[in-house]
Structure formats: structure tokens, C-alpha cells
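Remarks on the structure that follows.
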Amino acid sequence: MIKISKLTVHYQNVLALENVDTEIHQGEMIAIVGANGAGKSTLLKAIMAQVKAAAGGVEFKKFGLKNIAYLPQSQKVDRSFPITVKEFVSAGTWRKTGLWRAFTPFLNKQMLACLRQVGLENSEHKQIGELSGGQFQRMLFARMLIQDAQILILDEPFNSVDMHTTRDLAAVIQGCHAAGKTVIAVIHDMPLVKQYFPETALLAGRLIAKGPTEQVLTQDNMCKAGFHPATVNEL
Amino acid sequence: MTNVLFELFIEPFSNYSFMSRALWGCLVLSLSAAPIGVFLTLRKMSLTGDAMAHAILPGAAVGFLVSGLSIYAMTIGGIIAGCIVALLSGFVARHSKAEEDSSLAAFYLLSLAVGVLIISSKGSSVDLLHVLFGSTLALNNEALFLLTSIATVSTLALALVYRALVLECVDPDFFKTVSRMGGAAHYIFLLLVVLNLVAGFHALGTLMSVGLMILPAAVARFWTNQLGPMILIAFLCASFSCLCGLLLSYHFALAASPAIILVLGGLYITSIILIKQRDLFSKKHTSLSLSGQTNA
């Protein structure tokens, strides 16, 4: 379980999150939803101890920071850097290999299995810059999978990918959820939230609502979260 | 024929120890500076390297003030000044509204002005030329020992942080979640840049030393899209340019450090032309085969 207690985060003088108080249980699959600047990515960073809390904090029961696998937004990755898919995905084994230890045949086997799982078999020798947007996202998923962590944190995992890729990658997440892993994902697309995520947390600098998706994504809550009326009407 | 080749390529190094010393100094410098240059260009920090090359000047100048053209005093001064400017520009960029590149530019211009002022007020114009453009053909034992030591330390340190540095370059957000080494890798890398620039300034001068980092990397980037081969090509380019530059300098009585950098410049321009030709050829080939298929 992840217990978030009265969490407040500032960026210099700007208040990003205020007094967020909630719990995310082991095995939960939850979407973090909110308008731009609502503090979604900040919440993820606070959970991963990447930002300092001005007040409150995050506490882990059972699985801690070393059991987190993070999938960043794809545009934050330097795609022009000359490394292969294999090298990129094998970075997910950093906790086992570190600076010096060898990437063993066993890890190589695992890496190939993860690539297969996301539909990227036979791509391990390609340069990451050669991949299409969808393939690139699949590769990020493979790196997340090879970490074999209990808590998966995904920042906009379906951004700029087609329907087919979205369906495949959502199936990967659902598989992880079925295996008892905790899945926390920032999602922009409301229909996707409704389709794949049983739980939702709605943010607007503070926590507006958290609970079963149908109960959270109501017109009233969405208006409170500062969504445009057109978006609210689509729900 | 063999005699001519011997006279052209071997004799300058076998007959004159200043030439063989210069070659040794430049080759060890190529071994450490070229890989660092590859990372600098891949991290889009070429201008940072250039700025830091200028930033070491006031440190070297203070070393010069304290003990004349003492290699160790100037080296220590250069390292301290380079590190201070690298840290300050990062600090100013984080804590003010200035962008990192403009704060770096401000610092290096100030450093250059201070350095030139100190050296020109206390030394002769020969001293100033020595610091700005190096003395490739006058490397003594001390200088060679220093260059070799820095090259060894730099190569070993780069090998040590290689994996962390690659991850820090490609995906720093992810790397932060699996390791706290990202910041350390970044600062070790900056230190290696400073060390190599300081080593380079003894041989090539502060204004030219960054050329041996950036240009080989820029050439290598044209020919491969794999990191390992890129580092190897950069090293080979740098070594080849040192060899050719020194020979040109010997046979045509040219200044050695600009000659080396000009050979690198030649390789760079040749690469641009060849790559353009290759692209045109492959485009033509593709369109011909497509039209052949359509006719069939």
C-alpha cells in the first residue's frame, strides 16, 4: 500500500499539489486524471521521491521505492541517441547489473521475452531512432516489464499511439494488474480511463475525488477539476 | 619511391624528437578527448565545451602569474577555473531566469577577458600566444607526463561511468528512478571535459583544444549511428588529423595546432560532401528501381 498523507509540493513559488491525502492499495489499477497543470506528474514524482514535499509525505507498506518501475513520457527520451533497442531495454536491469555487472544470458532471455510480450520480437538490434512512435512506446513498456517491479508508474503511456498499439499496451497493463501488481497511470484520454481503469483519482492541484472510475468521473467532479464544459458533456 | 615516402612520413618523427614528442602528446590526447567529444556532441553540449575551453584561461593565467610558464601551476589553475565556471553557470541557470547557454556564454566571455588581461599585463605577447594557441612542437617531458596521466585517468573514469552516462543522456527521468548516480555521472563527465581541455591547452592552446574533441565526434556522427563505432571513428579521425597536421606543419612551416584543426575541418567538410553524394545516389537508385517496377 502507498499512503499519501497531506502531501504539499511547491516548485519554487508555485504550488503544484496541496494537501493530497489518499491511499493506493496493493494490486489497485488507478488512473490519475486532471487538466493541464493539475499536478498529475508531480504526484507521480512525489511517489517516486523525485520531488521534495513541502509538507506531508508518501509512505510505503510492504513494497518500497526499489519495487517501482517507471514509464516516462516518450518525448522526454532522447531518441537521437545512438543506442539499440536491446541496450535501451536492458537499462531496466540496472538494479541487477549496475555500473559493472554483466548482462547475463539469463537477463538477455528475459529481455527477449519482454520484447516478445510487447510485440517487438526481432527488433533488438534496431537503433531506437529507427522505431515508429508506436514501436517506441512498446519498447518503453518492455523496459518497464523487465524491471519486474510490484508497482508500475506510467506517465501518459498511450500518448501519440494508434488504437491498435493502445489496445495491445492496455492488455499488457491489464496482465500486470491481473498478476497482482499495482498500476498507477497518468491518462489524458477519458474514454480510455473508463475502458481500462477501475479506479480513478481526479486532481486539480488538490485531490477532487478518488474511487471507482464511474463515481469519480461525474460532470460535477469534472467541472470542479476545471475541465472544459465540452469535455464534460462528452462523458 | 620508398625513400620519398620515408622522407615525407617517417623521417620528421625519427630524426626530430620534438616531432615524435608532439605526436605522442597529440595521440594520447586523441585517445581521451575524442570519446569525451562524442558524448559532448550527443548531449548537444558542443558549445558548452567551447565555452569551458575559454573559461580555463583565467585559471591558467593566475598560474602563470604565480610561477610563470610552469605547467603544473597553469594546469591546476585551469582545472579550478574550469570547474568553477561549469558549476556557476549551472547554478545561475537553475536559480535565475537566464538560460544555461546564455549564462555559460556570459561566464566564458568574462573569463576570456580576465585571462587575456592578466597574461597581457604581466607577460609578453609570446606568452599570450603560447596559452591561446599552445606549443605542440615544444612539449617537454613534464608536459608529456601530464598529458599521458590525464589521458589515462580520463579514459579509465569514462569507462567506469560509461553505462551511467549513457542512461543519463538517453533518459534522465527514468535513470533517476533506478539510481542516484545520474548527477554524479554528469559532474564526473564535466570534470573530464575540464581535465581534457586543460590537457589540450598545453598542446593546442585554449582556443584550439576543444577542436580535438568536437570535430572528430562531428565527423564520426556522419558515418555511423552506433555509439561504440562512433567513439572508435572519432579517435581514428583525431589521430589521423594529428599525424597529418604535424606533417603539414613540418613540411610547410605552419603553426601545428591550427594545422591539426584544419585537417579535422577538411575531414568534416569531406564527410558532408560524401554523405550528400551517397544520399543522392541512393535516392536515384531507389527512384530508378521504382520506375523499373512500374514499367514492368
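Heavy-atom basis, side chains included; hydrogens, waters and symmetry copies ignored. Sequence lines set the chain letters: A, B, ... in the order given, protein chains first and strands last, and positions in each chain run from 1.
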What closest approach, in Å, do [X] and [Y] show between heavy atoms, and which atom pair accounts for it?
X: A:Gln127; Y: B:Asn225; answer: OE1-O, 2.7 Å
X: A:Phe81; Y: B:Cys169; answer: CE1-CB, 3.4 Å
X: A:Leu99; Y: B:Val161; answer: CD2-CA, 4.1 Å
X: A:Trp94; Y: B:Val178; answer: CD1-O, 3.5 Å

Please identify, among A:Ile128, A:Leu140, A:Asp155, A:Val77, the residue contributing the most non-hydrogen atom pairs under 4.5 Å to chain B. A:Val77
Let's test your reading of the structure: which of A:Glu130, A:Met48, A:Arg95 forms the most heavy-atom pairs below 4.5 Å with chain B? A:Arg95
Residues of [range] within contact distance of chain B, non-hydrogen under 4.5 Å:
range: residues 20-47 of chain A; result: none
range: residues 55-76 of chain A; result: A:Tyr70, A:Pro72, A:Lys76
range: residues 141-151 of chain A; result: A:Arg143, A:Gln147

Tell me whether [X] at atom [atom1] has more than 12 heavy atoms from other residues, nucleotides or ligands lying less than 6.0 Å away.
X: A:Asn122; atom1: CG; result: no
X: A:Tyr11; atom1: OH; result: yes
X: B:Phe240; atom1: CZ; result: no

Is there a side-chain contact between B:Lys44 and A:Ser80 in this structure, where contact means two heavy atoms from C-beta onward sitting under 4.5 Å apart? yes
Does the B:Gln226 side chain pair with the main chain of A:Ile83, one donor and one acceptor, at a distance under 3.5 Å? no
Assert top hit (heavy-atom pairs under 4.5 Å, partner chain A, pool B:Lys176, B:Arg221, B:Met230) equals B:Lys176
Max heavy-atom pairs within cutoff under 4.5 Å with chain A, candidates B:Val166, B:Thr224, B:Asp171, goes to B:Asp171
Turns out that what part of B:Leu167 lies under 4.5 Å from chain A's heavy atoms comes down to side chain
Structural part of B:Arg43 lying under 4.5 Å from a heavy atom of chain A: neither
Which portion of A:Thr84 sits near chain B, non-hydrogen atoms under 4.5 angstrom: neither
For A:Glu87, is it the side chain, the backbone, both, or neither that has a heavy atom closer than 4.5 Å to a heavy atom of chain B? neither
Using non-hydrogen atoms and a limit below 4.5 Å, what part of residues 264-277 of chain B faces chain A? none
Spacing of CH2 belonging to A:Trp100 relative to OH belonging to B:Tyr162, to within rounding of 0.5 Å: 12.5 Å
